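Working notes for the structure below.
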Amino acid sequence: MVFPDKFLSHLLSCPGFDLERFVAAHELKPPISLRLNANKKYTHPFSNKVPWTKTGYYLSERPQFVFDPLFHAGAYYVQEASGMFVEYILNKTVNFNQTIQVLDLCAAPGGKSTIIASLINESSILVSNEIIKTRVSALKENITKWGYPNVIVTNNDPADFKQLTEFFDVILVDAPCSGSGLFRKDFAATQEWSMDNVLHCEKRQKRILQDVLPALKVGGTLIYTTCSFSKEENEDVVENLIAEHGMQYINIDIPEDWGIVKSNFGFRFYPDKLQGEGFFASALIKKQETEIFESTSTHYAPYTILNKEEFAPLLPYIKNPESLTFFSFKDTVYGIAKEQFSNLKRIAPALRVVQAGTEIGKIIRDELIPAHVLAVSEILNPTINKIALTQEEAIQYLRKENVQINSELNGWVICTFENINLGWIKIMPNRINNYYPLEWRIRK
């Protein structure tokens with residue numbers, strides 16, 4: 001590893017920094033880790049746990065995830081271990097038994113959103129937002145595969161959330177940063193590092209936080225994270241939140257043997273002290289009320305609630321339909337927790353909504369044409385007809401190739417692999433149609 005000029009000397013004053021060990025750690029390969037999807041019932045072979053999360057594991061080597069059907073089915077999410085610490089902070093600072101609204105502001109590709117989606121209860125909602133338009137499709141795909149229903153995917157600038165004054169109970173800001181914590185994984189980041197870039201990132205981080213803070217309720221929790229080692233992007237930003245915005249730092253206890261460095265305003269992860277990459281995390285409470293902003297948005301989403309007769313074709317496909325509100329947008333039907341439909345109507349005029357709740361499908365001549373989102377969602381009725389595929393058949397299916405199956409079933413059928421849903425096929429007298437999304441197919 002060749003570090004950028006002035007990088008190491010810049011870190012000498014950072015809490016817990018050990019120059020020799022830090023340099024030596026960067027000559028080692030980064031650990032591989034993943035987090036299991038508790039609702040997918042995956043019988044896994046892993047044993048080396050990530051200590052700060054209930055479902056995270058280290059792998060001895062990196063497999064070819066692209067050829068594992070369970071990866072595509074959302075049975076697990078490949079995630080850097082340090083970032084999983086967000087789960088520990090959330091569990092220490094948030095009451096997930098309550099109905100809450102959560103915002104993941106800089107969410108793509110979706111790892112931390114899948115953590116939040118796994119923690120909130122059935123009546124709560126997560127708004128998973130990505131600022132950069134080109135990254136939204138990856139976020140939507142990962143949210144879909146994870147399968148939790150009460151997620152709204154949006155594509156907005158932080159300033160747009162001012163219109164939702166004091167709406168969210170929790171906001172996570174995984175801020176864009178200089179990326180020094182990922183040097184072992186991303187060599188290109190070393191070429192982009194400079195003190196000028198660090199200071200530029202610090203200004204951007206402060207602007208992002210200032211813009212989004214009005215959307216956090218008084219007494220609500222803000223979690224701020226970066227993958228940078230620089231004090232300017234970490235403790236200095238948190239100190240500014242306290243001094244300029246009336247935030248209060250939350251002191252959280254952690255076991256000493258985890259190797260996490262506790263600084264004055266957060267937690268530091270160094271690759272020489274634990275199995276993980278560089279990371280910083282801090283949690284704060286909002287103490288000051290916010291001026292109410294007048295809405296200036298022109299967004300409009302005419303969501304229409306379906307009556308019992310209109311959503312009757314959906315009922316055989318839905319588990320616990322009484323817990324959901326079914327609504328249509330354009331020619332597609334969606335479902336969302338009844339407690340959250342009114343909030344969706346408040347969100348929609350303010351934000352660019354990409355996906356709201358669970359896309360169920362289209363109703364054509366009183367028949368449901370089911371969406372792929374439904375196939376991998378937790379709201380799918382478990383009694384739907386299914387066909388178990390072998391590994392070879394599953395890869396064919398995920399390549400969107402024709403899958404030859406001998407079955408007496410007909411109509412809409414779920415393909416599974418190791419009892420986990422992959423997606424729809426439709427069996428007809430003379431052929432089988434593969435409905436796996438074209439844009440997600442395996443191309444290798």
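Here the structure is a predicted model, which means the values were calculated and not measured.
- Residues Arg443 and Arg441 form a side-chain contact, since some pair of their non-hydrogen atoms from C-beta on lies under 4.5 Å apart.
- If you look at Tyr435 and His372, their ring centroids are not closer than 6.0 Å.
- Using a 4.5 Å heavy-atom cutoff, the side chains of Asp211 and Lys162 are in contact.
- Going from atom CE of Met247 over to atom OG1 of Thr221 covers 8.5 Å, rounded to the nearest 0.5 Å.
- With salt bridges taken as basic N to acidic carboxylate O contacts below 4.0 Å, one links Arg268 and Glu235.
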(request) Kindly indicate, with the supporting measurements, whether the criterion side chain to side chain donor-acceptor pair (under 3.5 Å) is fulfilled by Thr226 and Asn234. (result) CA-CA 7 Å; Thr226 76; Asn234 296 327; 2.6 Å; yes

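- To the nearest 0.5 angstrom, Leu422 atom CG is 12.0 Å from Ile387 atom CD1.
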(request) Decide side chain to side chain donor-acceptor pair (under 3.5 Å) for Asn419 and Thr416; before the verdict, give the C-alpha distance in whole Å, the side-chain angles of both, and the deciding distance to 0.1 Å. (result) CA-CA 6 Å; Asn419 297 315; Thr416 70; 5.3 Å; no

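- Considering only residues two or more places apart in sequence or on other chains, Arg135 meets the side chain to side chain contact (heavy atoms under 4.5 Å, CB included) condition with Ala108, Pro109, Glu130, Ile132.
- Applying the 6.0 Å contact sphere to CD of Glu289 captures no more than 12 heavy atoms from other residues, nucleotides or ligands.
- The minimum heavy-atom distance linking Ile89 with Ile223 is given by the pair CG2-CD1, 3.7 Å.
- Checked by atom type and distance alone, the side chain of Asn48 never pairs as donor or acceptor with a backbone atom of Tyr58 at under 3.5 Å.
- No side-chain heavy atom of Trp424 sits less than 4.5 Å from a side-chain heavy atom of Tyr436.
- Between Lys262 and Asp253 there is a salt bridge, since at least one side-chain N of the basic residue sits less than 4.0 Å from a carboxylate O of the acidic one.
- Between Asp157 and Arg207 there is a salt bridge, since a side-chain N of the basic residue sits under 4.0 Å from a carboxylate O of the acidic one.
- Side-chain atoms of Gln340 and Gln101 include a donor-acceptor pair closer than 3.5 Å.
- A distance of 9.0 Å separates CZ of Phe168 from CG of Asn343, quoted to the nearest 0.5 Å.
- For the pair Thr53 (side chain) and Val50 (backbone), a donor-acceptor distance under 3.5 Å is absent.
- In this structure, Lys145 satisfies the cation-pi test against Trp440, with its NZ or CZ atom closer than 6.0 Å to the six-membered ring centre and inside 45 degrees of the ring normal.
- Using a cutoff of 4.0 Å between basic side-chain nitrogens and carboxylate oxygens, Glu277 and Arg184 are scored as salt-bridged.
- Under a cut-off of 6.0 angstrom, the local environment of CD in Glu322 is crowded, with over 12 non-hydrogen atoms contributed by other residues, nucleotides or ligands.
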(request) Could you walk me through whether Phe267 and Phe85 pass ring pair (Phe, Tyr, Trp, His ring centres under 6.0 Å), step by step? (result) CA-CA 10 Å; Phe267 301 92; Phe85 186 67; 5.3 Å; yes

(message) Set out, in order, the CA-CA distance, both residues' side-chain angles and the distance that settles side chain to side chain contact (heavy atoms under 4.5 Å, CB included) for Val102 and Val127, then state yes or no.
(response) CA-CA 6 Å; Val102 185; Val127 175; over 6 Å; no

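- Side-chain contact, Tyr249 with Asn264: no donor N or O sits under 3.5 Å from an acceptor N or O.
- Heavy atoms of other residues, nucleotides or ligands lying less than 6.0 angstrom from CD of Glu439 number more than 12.
- A salt bridge does not link Asp104 to Lys112: none of the charged nitrogens lies less than 4.0 Å from a carboxylate oxygen.
- Counted by atom type alone, Gln205 and Tyr224 present one or more donor-acceptor pairs between their side chains at under 3.5 Å.
- Residue Asn37 comes nearest to Gly74 through the heavy atom pair ND2-O, 3.0 Å, listed as atom of the first residue, atom of the second, then distance.
- The ring of Phe269 has its center closer than 6.0 angstrom to the ring center of Trp52.
- With rounding to the nearest 0.5 angstrom, the CD atom of Gln248 is 9.0 Å from the CG atom of Leu284.
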(request) Under the side chain to side chain contact (heavy atoms under 4.5 Å, CB included) rule, what do Lys133 and Asn155 come out as? Steps first, then yes or no, please. (result) CA-CA 6 Å; Lys133 188 173 183 179; Asn155 171 215; 3.6 Å; yes

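- Heavy atoms only, all atoms of each residue included: Leu34 and Phe65 are closest at CD2-CE2, 4.3 Å.
- For the pair Leu274 and Gly259, the tightest heavy-atom approach, listed with the atom from each and the gap, is CD2-O, 3.7 Å.
- Put simply, the side chain of Tyr334 does not reach to within 4.5 Å of the side chain of Leu306, judged on heavy atoms.
- Under the 30°/60° scheme for interplanar angles, the aromatic rings of His44 and Phe46 are found to lie parallel.
- Contacts of Lys49 classified as side chain to side chain contact (heavy atoms under 4.5 Å, CB included), with partners at least two apart in sequence or in another chain: Tyr57.
- Between Ser33 and Gln79 the shortest side-chain heavy-atom distance does not fall below 4.5 Å.
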(request) Would you check, one step at a time, whether the test side chain to side chain contact (heavy atoms under 4.5 Å, CB included) holds for Glu359 with Leu374? (result) CA-CA 6 Å; Glu359 181 184 353; Leu374 178 62; over 6 Å; no

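- Note that CD of Glu87 and OG of Ser118 are 8.0 Å apart. Values are rounded to the nearest 0.5 Å.
- No close placement of the Tyr317 and Trp412 rings is indicated, their centers lying 6.0 Å or farther apart.
- Aromatic ring centres of Trp193 and Phe229 lie farther apart than the 6.0 Å criterion allows.
- Note: Tyr77 and Phe71 fail the aromatic proximity criterion, with ring centroids not under 6.0 Å apart.
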Extract all donor-acceptor atom pairs below 3.5 Å that involve side chains of residues 325-332 and protein atoms in other chains or at least two apart in sequence.
from	atom 1	to	atom 2	distance (Å)
Asp331	OD1	Lys362	NZ	3.2
Asp331	OD2	Lys362	NZ	3.4
Thr332	OG1	Lys362	NZ	3.1

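- Contact between Leu324 and Lys338 at its shortest, heavy atoms only, is O-CE, 3.2 Å.
- Just one of Leu105, Ile171, Val173 meets the side-chain contact (heavy atoms from CB on, under 4.5 Å) condition when paired with Pro158; it is Leu105.
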(message) Apply side chain to side chain donor-acceptor pair (under 3.5 Å) to residues Asn129 and Thr154 and explain how you reach the verdict.
(response) CA-CA 5 Å; Asn129 179 74; Thr154 60; 2.8 Å; yes

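- With values rounded to the nearest 0.5 angstrom, Ile414 atom CD1 is found 9.0 Å from Ile425 atom CD1.
- The two residues Lys40 and Val376 come nearest to each other via the heavy atoms NZ-O, 2.8 Å.
- Considering only heavy atoms from C-beta on, Leu209 comes within 4.5 Å of Leu222 through its side chain.
- Defined by atom type and a distance below 3.5 Å, a donor-acceptor pair is present between the side-chain atoms of Ser228 and Glu233.
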(request) Check the pair Leu199 / Glu232 against side chain to side chain contact (heavy atoms under 4.5 Å, CB included), numbers first and verdict last. (result) CA-CA 7 Å; Leu199 296 176; Glu232 290 84 353; 4.2 Å; yes

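- Here the side chain of Asn150 pairs a donor or acceptor atom with the backbone of Glu122 at under 3.5 angstrom.
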